[in-house]
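Naming: A, B, ... by sequence-line order, numbering from 1 per chain. Just so it is clear, the model here is predicted, and its values are computed rather than measured.
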2 protein chains.
Amino acid sequence: MKDIARELGVSVATVSRALSDSPSISKERRQAIQQYAREHNYFPNVIAEQLRHSRRNPSRAIGVIVPELVHYYFSSILDGIEAEASARGYHIIVAKSNESYEREVQICESMLKNKVCGIIVSQAKDTERYDHFEHLTASGVPLVFYDRICPALNASRVVVDDYMGTFNAVSHLITTGCKRIAFYGTSMNLQIGKNRFNGYRDALYKHGLTLDESLVRICDNRADAERITPAMMQMDDRPDAFFAVNDETAIGILAVVKRLGYVVPDEVSICGFTNGFRATVCDPMLTTVEQRGTQVGKEAADVLIGLVEGTLPHDHAEKRIVKTRLVVRGTTRHL
Amino acid sequence: MKDIARELGVSVATVSRALSDSPSISKERRQAIQQYAREHNYFPNVIAEQLRHSRRNPSRAIGVIVPELVHYYFSSILDGIEAEASARGYHIIVAKSNESYEREVQICESMLKNKVCGIIVSQAKDTERYDHFEHLTASGVPLVFYDRICPALNASRVVVDDYMGTFNAVSHLITTGCKRIAFYGTSMNLQIGKNRFNGYRDALYKHGLTLDESLVRICDNRADAERITPAMMQMDDRPDAFFAVNDETAIGILAVVKRLGYVVPDEVSICGFTNGFRATVCDPMLTTVEQRGTQVGKEAADVLIGLVEGTLPHDHAEKRIVKTRLVVRGTTRHL
DNA sequence: ACGGATTGCGCAAACGATTGCATTTAATTA
DNA sequence: TAATTAAATGCAATCGTTTGCGCAATCCGT
């Protein structure tokens, strides 16, 4: 701007006004300045702009905290966030907590320092204190949780309809003839653990089945599934179906069941939750609940931007629930 | 800082010096100021710091351009970049080009405006002009390519050893008894297409086999694989093995071959390239070349940071090749 | 006791933009 | 013709830091 001003013999203030099309500068000058700027491809220094406006205007950087990156669901969510953010003129700063509380705290601090306009976060597994999050909101940085929410905090959140997703999936197992349905879930102190279990339980009751505790297990990964499933299948009254909290676990079950010589889905049905890459790779293909990560990401970004731009009141806690969809494939019977 | 200065009755300059531990401030004052700052948890405004230093010091933001996000290899690379960057005090701004040239150009501009200290990029598929990249380097923003490199530009790059990876994989197929090995590759105008094909060709020659053009196809996704493979298998002298440019394609081949009633690996061997989620989900599990995305990401970040910090001369083009590793599983015969 | 070196600190100008207010010039009105 | 008003521009402060330079005060040796 200084150069332009010098070359055109005007003051920097005039240049600034001309470039922002202020009517207080005469039309001729304005156009001359704009043209000169264009020709010498001038573009404003964002840093300086930000410094000047630091009181009034937030930056256009959204912080995103992810527990891990090499993970179908989180990738999809990131994808959704990126899409929505970039469409609305924001960019995203991504950091991975590695499921560590310490790292999460560091990241929050660093993002605060780097003046993000808001943060979208899924907690690390071992996060049990929330001071760092409260500190952020206290500093005026809006927060939106996704996936792993923090029920203790009355913060905005976007989650998937775990309850109905599971309810529908289990109902489908029942209506296709399954009677003894095992449930592999996550620990009940995560919200999604509770919700999915409740969906399972209610679906059983709704169809007149009883809940058998011996069919309920904490198991959310393939290795554990491969370890505990053989014993399940050797029970006197073995399960004739499995509902797993994610596709990975379901794949583990499928591998064991096939290895033991059972035919899927004729003798054993299996249903997962995610609908990621894996679901169409296994044989038979996996019936699963589609988790719509991209949609979750978009909604999360939408809420955050709403908060940032003031469309939503700053202290408002928007709670959105994204509908799931049952995708029926080869590991369950058709009607 | 102003507040501190006022409260302690000194000038802002003194506060600044004290906080940076300048010896030109007396020890007592320095400590008093530092303590006061700590107690009132002051932290410097990064924006202002940057503005002040904009001439000398680059920012600590690395721009990362990815063609897509929901993709095993790219996720791993992003993971590696994030790990290396955060370990060295940088943060990453992630943008997805959606395989679009236009978007790629936009992203470059936006990152330039936002003063990233450098950019790590894998080109979009339809990028054929490179002005935007040249414009960046001309503006002093170092560039590191990964995966899809731009041979026309003499820029830094980190790629996987496509040639040897393929060479070894095909050699493995041959030594386990395969004689007619089909090759499903990507278009030859991508560097990786060429390199992998050459590895395939040379492995054949090395073992005294001839190259049969009818066994070479352009095919890099599952849908295409499922479409063209049946015809391959109906040839008079059908292939007894397939090498596919990625796991996804290999899975497509596997699905078709199994559907047609062939036994894998006894009658047909299959080898992929990636070693992503899919490889352990299919049945039998996939023999594949491990692509080590995380390592690629780390190296890319390492090179970029070297360029930024001046460890590497700014105009230097560092070219790194990450070794692959053959992971033998169930879709190929063992010795 | 006096000149010269320290030592410790503050002034003010940057960094690149924006903006309230003053100022100049021209046009309008009485 | 003088006074009033409107239009176009410039001055200078500001955002939060850093830093070259200069000014006092203290210290040293002689």
Side-chain angles (χ1 to χ4, degrees), chain A residues 1-38 40-61 110 112-117 139-141, chain B residues 1-38 40-61 110 112-117 139-141:
Chain A
M1 284 189 35
K2 226 184 272 182
D3 300 345
I4 304 184
R6 188 175 357 89
E7 290 310 308
L8 269 56
V10 295
S11 77
V12 183
T14 303
V15 175
S16 171
R17 292 197 174 90
L19 291 176
S20 60
D21 241 347
S22 155
S24 72
I25 302 295
S26 71
K27 203 155 211 164
E28 309 86 58
R29 242 197 229 301
R30 235 187 299 167
Q31 294 181 337
I33 293 178
Q34 291 178 2
Q35 185 182 340
Y36 187 95
R38 219 175 303 118
H40 292 66
N41 54 22
Y42 158 88
F43 60 96
N45 181 319
V46 198
I47 308 288
E49 279 179 327
Q50 287 213 144
L51 180 57
R52 182 86 232 287
H53 292 135
S54 43
R55 295 240 177 258
R56 278 179 287 278
N57 294 320
S59 80
R60 301 190 77 81
S110 143
L112 182 57
K113 278 194 194 168
N114 283 287
K115 303 274 181 229
V116 296
C117 65
S139 308
V141 177
Chain B
M1 284 186 36
K2 226 184 273 181
D3 300 344
I4 304 185
R6 189 174 357 88
E7 289 309 308
L8 268 54
V10 295
S11 77
V12 183
T14 302
V15 175
S16 171
R17 292 197 175 91
L19 290 176
S20 62
D21 241 346
S22 156
S24 73
I25 301 294
S26 70
K27 201 155 211 163
E28 309 85 59
R29 241 192 233 301
R30 237 187 299 165
Q31 294 182 336
I33 293 179
Q34 290 178 2
Q35 185 181 342
Y36 187 95
R38 218 174 306 117
H40 294 66
N41 54 24
Y42 159 87
F43 60 95
N45 181 319
V46 198
I47 308 289
E49 278 179 327
Q50 290 213 142
L51 179 57
R52 184 83 233 287
H53 293 135
S54 43
R55 295 245 176 249
R56 276 179 287 278
N57 295 319
S59 79
R60 301 190 77 81
S110 143
L112 183 59
K113 278 196 196 169
N114 283 286
K115 303 277 181 222
V116 296
C117 65
S139 309
V141 178

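If you check residues 44-61 of chain B against DNA chain C, the residues with a heavy atom closer than 4.0 Å are Leu51(B), Arg52(B), Ser54(B), Arg55(B), listed by number.
If you measure from atom CZ of Arg6(B) to atom C1' of dG16(D), you get 14 Å, rounded to the nearest angstrom. Note: NZ (Lys113(B)) to C1' (dA17(C)) measures 15 Å, nearest angstrom. If you take CD1 of Ile25(A) and C1' of dG10(D), they are 9 Å apart, rounded to a whole angstrom. Atom CD1 of Ile33(A) and atom C1' of dA17(C) are 15 Å apart (whole Å). Here dT17(D) presents its C1' atom at 13 Å from NZ of Lys115(A), a figure rounded to the nearest Å. If you take CG of Leu8(B) and P of dC9(C), they are 11 Å apart, rounded to a whole angstrom. Note: CG (Asp3(A)) to C1' (dA17(C)) measures 14 Å, nearest angstrom.
Heavy-atom nearest nucleotides on DNA chain C were determined for Ala13(A) and for Lys27(B), and the one closer to the 5' end corresponds to Lys27(B). Along DNA chain C, the nucleotide closest to Ser20(A) and the one closest to Arg29(B) are compared, and the more 5′ of them pairs with Arg29(B).
When the side-chain nitrogen and oxygen atoms of Ser16(B) are compared with OP1 and OP2 of dG16(D), none of them lie within a distance under 4.0 Å. Contact between the side-chain N/O atoms of Ser26(B) and the OP1/OP2 oxygens of dT7(C) is not found at any separation under 4.0 Å.
Across all their heavy atoms, Arg60(A) and Gln50(A) have their closest contact at N-OE1, 4.3 Å. A pairwise comparison of heavy atoms in Ala5(A) and Ser11(A) identifies CB-C, 3.9 Å as the closest pair. Across every non-hydrogen atom of Arg17(B) and Ser24(B), the tightest pair is CD-OG, 3.6 Å. Contact between Val10(A) and Arg29(A) at its shortest, heavy atoms only, is CG1-NH1, 3.4 Å.
The CG atom of Asn45(A) sits 6.0 Å away from atom OG of Ser54(B), with the distance rounded to the nearest 0.5 Å. Here the CD atom belonging to Gln34(B) is positioned 10.5 Å from the CD1 atom belonging to Ile25(B), to the nearest 0.5 angstrom. The distance from atom OG1 of Thr14(A) to atom CZ of Arg30(A), rounded to the nearest 0.5 Å, is 12.0 Å. Remark: Arg52(B) CZ to Leu51(A) CG distance equals 12.5 Å, nearest 0.5 Å. Between the NE2 atom of His53(A) and the OG atom of Ser59(A) there is a distance of 13.5 Å, given to the nearest 0.5 Å. To the nearest 0.5 angstrom, Leu19(B) atom CG is 10.0 Å from Arg38(B) atom CZ.
Under a cut-off of 6.0 angstrom, the local environment of NZ in Lys115(A) is crowded, with over 12 non-hydrogen atoms contributed by other residues, nucleotides or ligands.
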Next item on the list: Mark up nucleotides 21-28 of chain C, 5' to 3', with B wherever a protein heavy atom is under 4.0 angstrom from a base atom, S wherever such an atom reaches only the sugar-phosphate, and - elsewhere.
Entry: B-------

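An end-to-end axis angle of 80° holds for the helix from dA5(C)-dT26(D) to dA30(C)-dT1(D), taken from five base pairs per end and rounded to 10°.
If you check the side chains of Asn57(A) and Glu49(A), you find no donor sitting under 3.5 Å from an acceptor.
For Lys2(A), the side-chain atoms get nearest to dC15(C) when compared with the rest of dT18(C), dA8(D), dC15(C).
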